[in-house]
Every structure is written in C-alpha cells, then in structure tokens.
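Structure, as structure tokens:
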Amino acid sequence: MGMKLSTRINGHVTSGQIVEVEAYRGDKDEASHSFRGKTKRSEVMFREGGYCYVYLIYGMYHCVNIVTEKEDLGCAVLIRALEPLDGIETMRKRRKLTQSKVHYLTNGPGKLCQALGIDKKLSGEDFLNSSRISLSSYKKIKKSQILSGPRIGITKSTHFNWRFYLKDNPWVSK
DNA sequence: ATTGAGATTGACT
DNA sequence: GTCAATCTCAATA
C-alpha cells in the first residue's frame, strides 16, 4: 500500500499509487486460484515472492497480482485500484475515456490493467528484474489510514476481511 | 466433448 | 436494478 506500480509498454510509461488491494492465500482460502493446486494459469502464484501473476477474468479483463511469501505457498496480493501518477493521457486513451470521465481510469482491477497496458503476456515477470513492470517506494502510509473489509466479487471464503484500502481515497473502487 | 461458475465491467431499464 | 461480453478450470459424460 502506498507503493508505485509502473509499466513501460512499447515506450509508454504509465504508473499509479496502490490504494486498494486484496490478499489471497493457497491454503484455507477457497476463493483463491491456488486453493486447488497448480494449474497452467495459476503456476506463477506458487513461485517465490516477487513475481507478477496476471490472469484473464470473465474472458474480458485482466487482473494483476504480486506474488508473496515462499515458493509453493500460493499466496498473492491482487491490485484493485490505483491513484494515477505518470502517463495519464496514455491511460485515458487506452481506457477510451473522455476528459470528464478520467475519474474512472484506475478504480478497479480490470480498469487499472487496461490503463497500464497489463495483459497475460506480463504474467511471470519478475518485479525486481523486469523492464516492463515494476514497483517502487512512493508514500509512507500510516497504519491508521488503512481500512479493511470483506473481499469484493467472491462467493467463497467471504469471512476473511482481506480487502485493504486507503481511508477517504477517491480512487478506491467502492 | 459439454457445461456451469467465476478475484469484472459497461451498457442499459 | 439487470444483463451480456467470452476465457479458464473443474465436474460430468
């Protein structure tokens, strides 16, 4: 939370501050892609922390995750919303939004992937050694500014309060 | 081989 | 508020 997520795709640099995330883990979490073991799609989730897991959701949109923890544990953090920073005009064109609707640039997991040009080709990239996608320090966030609640859009394991978001940040999805 | 559900979004009533 | 867009996976045959 508070870190900057950046991409460089075909020379276009875009980035945003992470303001909303959800945690997924390999055991005890029925909502996780890693819960039933490795598949061709979820293989990246079982690597050691630092890799980028991107998947296609509902056949239409992409979602980006940061793999965490040790190898074989299947834990990752889904990026759900960003506060736009660099390359806003590039993001607006990718999202096909008019100036009056830039508010909707990156306030959702599918939206931010479209804005930053993230798709399945970036799944498996190493955040620490990639020329196309990276993370960097941006803002120090106080714990008191981070709120939590149930994860959005899932029907299993809804009792875990593993959605985290910045208090009063206008870019949060809901 | 077929079917139904899913970590979403935008268009429409 | 409803619904369709259409890829991946697991369950069924």
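Chain identifiers are assigned alphabetically (A, B, ...) following the order of the sequence lines, protein sequences preceding nucleic acid strands; residue numbering begins at 1 within each chain. Bear in mind the structure is a predicted one, so any value in this text is a computation, not a measurement. Only this structure's heavy atoms are used, side chains among them; waters, hydrogens and symmetry mates stay out.
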In this structure, how many angstroms lie between the P atom of B:dT9 and the NE2 atom of A:H62, rounded?
13 Å

Which value, in whole Å, describes the distance between the P atoms of nucleotides C:dT6 and B:dC12?
16 Å

Please confirm whether the backbone N or O of A:T39 pairs with a side-chain atom of A:S42, one donor and one acceptor, at under 3.5 Å?
yes

Return whichever of A:Q114 or A:A76 has its heavy-atom-nearest nucleotide of DNA chain B closer to the 5' end.
A:A76

Measure the distance from CD1 on A:I66 to C1' on B:dA7 and round it to the nearest whole Å.
15 Å

Short side-chain donor-acceptor distance under 3.5 Å, A:R94 and A:Q114:
no

Pair A:T90, A:T14 - check side-chain hydrogen bond (donor to acceptor under 3.5 Å, both in side chains), show working.
CA-CA 7 Å; A:T90 298; A:T14 50; over 6 Å; no

Euclidean distance for C1', C:dC3 against B:dA5 (whole angstrom):
16 Å

Output yes when a side-chain donor or acceptor of A:S34 lies under 3.5 Å from a complementary backbone atom of A:G74, and no otherwise.
yes

For chain A and DNA chain C, what are the first and last nucleotides along the strand, 5' to 3', with at least one atom under 4.0 angstrom from a heavy atom of the protein chain?
C:dA5 to C:dA10

Assess whether a salt bridge exists between A:K4 and A:D86, defined as any Lys/Arg side-chain N lying under 4.0 Å from an Asp/Glu carboxylate O.
yes

With the criterion being N/O to N/O and under 3.5 Å, what pairs connect the protein with nucleotides 11-13 of chain B, and how long is each?
none

Ignoring hydrogens and angles, tell me if any N or O in the side chain of A:S123 forms a donor-acceptor pair with the backbone of A:V54 under 3.5 Å.
yes

Once you round it to whole Å, what is the distance between C1' of B:dG10 and CD1 of A:I57?
16 Å

Could you give the CD1-to-P distance, from A:I154 to B:dG6, as a whole number of Å?
11 Å

Stems in DNA chain B, runs of 3 or more consecutive Watson-Crick or G-U wobble pairs with both distances under 3.5 Å, sorted by first number, are B:1-6 with C:7-12, B:8-12 with C:1-5

Distance, rounded to the nearest Å, where A:I118 contributes CD1 and B:dT8 contributes P
16 Å

Ring-face cation of A:R151 near A:Y24 (centre distance under 6.0 Å, axis angle within 45°)
yes

Please report the distance, rounded to the nearest Å, between CD1 in A:I152 and P in B:dA7.
13 Å

Do the side chains of A:D27 and A:R25 get close enough for a salt bridge, i.e. N-O under 4.0 angstrom?
yes

Taking NZ, NE, NH1 and NH2 as the nitrogens, is one of them in A:R47 or A:E43 under 4.0 Å from a carboxylate oxygen of the other?
yes

Which is true for A:R41 with a 4.0 Å heavy-atom rule: it touches a base, it touches only sugar-phosphate, or it touches nothing?
sugar-phosphate

Ranking B:dA7, B:dG6, B:dT9 by distance to the side chain of A:Y58, first place goes to B:dG6

Rounded off to whole Å, could you give me the CG-to-C1' distance for the A:L56 and B:dA7 pair?
12 Å

Distance alone, cut at 3.5 Å: any donor-acceptor contact between the side chains of A:E20 and A:S173?
yes

What's the shortest heavy-atom distance between A:I9 and A:L122, and which atoms?
CD1-CD1, 4.1 Å

At under 4.0 Å between heavy atoms, what does A:K38 touch on the DNA or RNA strands: base, sugar-phosphate, or nothing?
nothing

Around A:R8, counting heavy atoms of other residues, nucleotides and ligands shown, do more than 12 lie under 6.0 Å from its CZ?
no

Atom CZ of A:F35 and atom C1' of B:dG6 are separated, to the nearest Å, by 16 Å

Looking at A:K111, I'd like to know whether one of its side-chain N or O atoms comes within less than 4.0 Å of OP1 or OP2 on B:dG10.
yes

Is the shortest side-chain N/O distance from A:R95 to OP1 or OP2 of B:dT9 below 4.0 Å?
no

